[in-house]
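One structure below.
Chain letters run A, B, ... following the sequence lines, proteins first and then strands; every chain starts at 1. Below, each value reflects all heavy atoms present in this structure, side chains not excepted, and no hydrogens, waters or symmetry copies.
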Amino acid sequence: MENNNHTYSDELDQLRQQMEQLNAALETQKIINADLMDRVMRRDVSWFNKLLRYEIFLMLPLAIVLFLAIKFMFGTSWLFFAGTIAMFVLDVIWDSFIMPLPSTDFSTLSLLDLRRKVIRQMQQRKTQLFIELPVLVLWVIWFFYELVGTRVEVFRHMPPIVWLVTIMVSFGLGLLAVAFIYRELDRRSRRIIDQINTFVEGE
Amino acid sequence: MDNTEKAFERLVAEQKGTIYSVCLMFAADSAEADDMFQEVLINLWKGFPSFRGESSVRTWVHRAALNTCISYNRKARRRKAAELEIEAQFLAPESPVGRQVEMLRARISCLEPFDRAIVLLWLENLSYEEIGQIVGIPARHVGVKLVRIREKLKNSK
């Protein structure tokens with residue numbers, strides 16, 4: 001489609017002539033080759049997609065088996081088992097919505113819409129963190145409450161300080177993992193937003 | 001190779017010059033342009049199955065190229081990038097094309113980045129509507145912006 005909405009018989013036309021010459025020169029170059037196309041079409045998925053697959057295909061089945069085993073070995077309740085798996089599934093579903101920009105967005109969204117989407121995703125991640133962290137604290141307490149009430153002697157007679165330290169350590173480790181993933185996602189989003197902001201400053 | 005891959009290869013073969021010239025205008029050097037070019041192709045390939053022709057192929061390609069070049073992560077340049085089939089001296093500073101690229105860059109670099117994107121799309125013969133769709137502003141603003149851009153270019157001479 002020609003963009004002859006307006007005629008600029010000056011600087012812009014000179015630039016266009018130069019661009020046409022550049023494009024014509026580039027046409028003489030092959031540029032693409034089989035190796036390049038192969039790399040493009042077989043490129044690995046991003047680390048976050050890997051993480052998501054890992055959550056769905058490894059962590060979720062593992063959690064089901066693990067908490068079923070805990071249920072039968074230690075006598076925790078079915079409610080606890082169902083609650084834990086439901087939490088896990090909800091988290092995976094939520095994660096899939098707040099993942100970094102899918103590649104398709106680069107070819108379907110305008111520049112300003114792209115920025116809006118990244119900002120929205122950052123806000124959603126923050127919301128997820130604020131909701132999931134207290135839920136996680138409650139879950140850890142629930143888990144240990146269930147263990148204390150089990151038929152296993154060793155859990156029943158464990159001193160409170162041991163419970164406290166175990167809770168703190170496991171919660172701390174979980175928190176570290178969450179903080180790392182959150183920070184990495186946030187860093188990537190901020191970089192894209194900053195670059196687009198620099199770009200649209202003149203707008 | 002299946003039909004989708006063949007269709008994608010055809011599309012890239014037709015649009016390669018356009019994509020590469022956009023990359024050249026945003027990259028600091030030709031190595032960065034090569035890397036950006038691959039990144040654009042990856043985003044195009046991933047978006048290819050969902051491309052239903054609601055916009056023209058050119059709009060779709062330019063949108064991907066522009067968005068990718070602007071969001072390009074300069075610190076994370078891939079170590080195993082494939083070599084592009086471009087003659088070694090083709091873009092050298094002393095070659096005619098190399099000089100042409102530098103001249104174009106020098107003229108366009110006096111503009112604000114957003115204006116640079118608009119003028120680049122206009123130079124690629126895209127209509128106001130297409131430019132508006134790509135950068136996310138109404139088509140009528142594109143015309144106004146181009147008039148201002150022309151003034152800036154004139155004053156910067």
Which atoms form the tightest heavy-atom contact between [X] and [Y], and what is the distance?
X: B/Gly136; Y: A/Ser110; answer: CA-OG, 3.5 Å
X: A/Leu22; Y: B/Val97; answer: CD1-CG1, 3.7 Å
X: A/Leu12; Y: B/Leu123; answer: O-CD2, 3.8 Å
X: A/Met19; Y: B/Leu120; answer: CE-CD1, 3.3 Å

Comparing B/Phe48, B/Phe8, B/Phe51 against chain A, the one with the most heavy-atom pairs below 4.5 Å turns out to be B/Phe8
Between B/Met103, B/Gln133, B/Arg63, which residue shows the highest count of heavy-atom pairs closer than 4.5 Å to chain A?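 Of the options given, most contacts go to B/Arg63.
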Checked A/Gln17, A/Glu27, A/Gln18 vs chain B; the most non-hydrogen pairs under 4.5 Å come from A/Gln18
Counting only heavy atoms closer than 4.5 Å, note whether [X] contacts chain A via side chain, backbone, both or neither.
X: B/Ser50; result: side chain
X: B/Val101; result: side chain
X: B/Leu111; result: neither
X: B/Ala13; result: both
X: B/Trp45; result: side chain
X: B/Phe37; result: side chain

How many angstroms lie between [atom1] in [X] and [atom2] in [Y], if you round to the nearest 0.5 Å?
X: B/Lys16; Y: A/Leu26; atom1: NZ; atom2: CG; value: 8.5 Å
X: B/Lys46; Y: A/Met41; atom1: NZ; atom2: CE; value: 13.0 Å
X: A/Asp35; Y: B/Leu84; atom1: CG; atom2: CG; value: 10.0 Å
X: B/Leu104; Y: A/Gln21; atom1: CG; atom2: CD; value: 9.0 Å
X: A/Gln29; Y: B/Phe90; atom1: CD; atom2: CZ; value: 4.5 Å
X: B/Phe114; Y: A/Ile196; atom1: CZ; atom2: CD1; value: 11.0 Å

Proximity breakdown for A/Asn23 and chain B, heavy-atom pairs closer than 4.5 Å: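 Only the side chain of A/Asn23 comes within 4.5 Å of chain B.
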Check each atom of A/Met37 against the heavy atoms of chain B and say whether the ones under 4.5 Å are side chain, backbone, both or neither. side chain
side-chain contact (heavy atoms from CB on, under 4.5 Å) evaluation trace for B/Ile19 with A/Ile31: CA-CA 11 Å; B/Ile19 300 169; A/Ile31 303 180; over 6 Å; no
A/Met87, CE atom: more than 12 neighbouring heavy atoms under 6.0 Å: yes
With a cut-off of 6.0 Å (strictly less than), are more than 12 heavy atoms of other residues, nucleotides or ligands near OH of A/Tyr54?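 No.
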Using a 4.5 Å cut-off on heavy atoms from C-beta on, say whether the side chain of B/Asn125 contacts that of A/Glu20. yes
Does the side chain of A/Leu111 reach to within under 4.5 Å of the side chain of B/Ile134, using non-hydrogen atoms?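 A side-chain contact under 4.5 Å is absent here.
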Does the A/Arg39 side chain pair with the main chain of B/Ile42, one donor and one acceptor, at a distance under 3.5 Å?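 Not confirmed, A/Arg39 side chain does not pair with B/Ile42 backbone.
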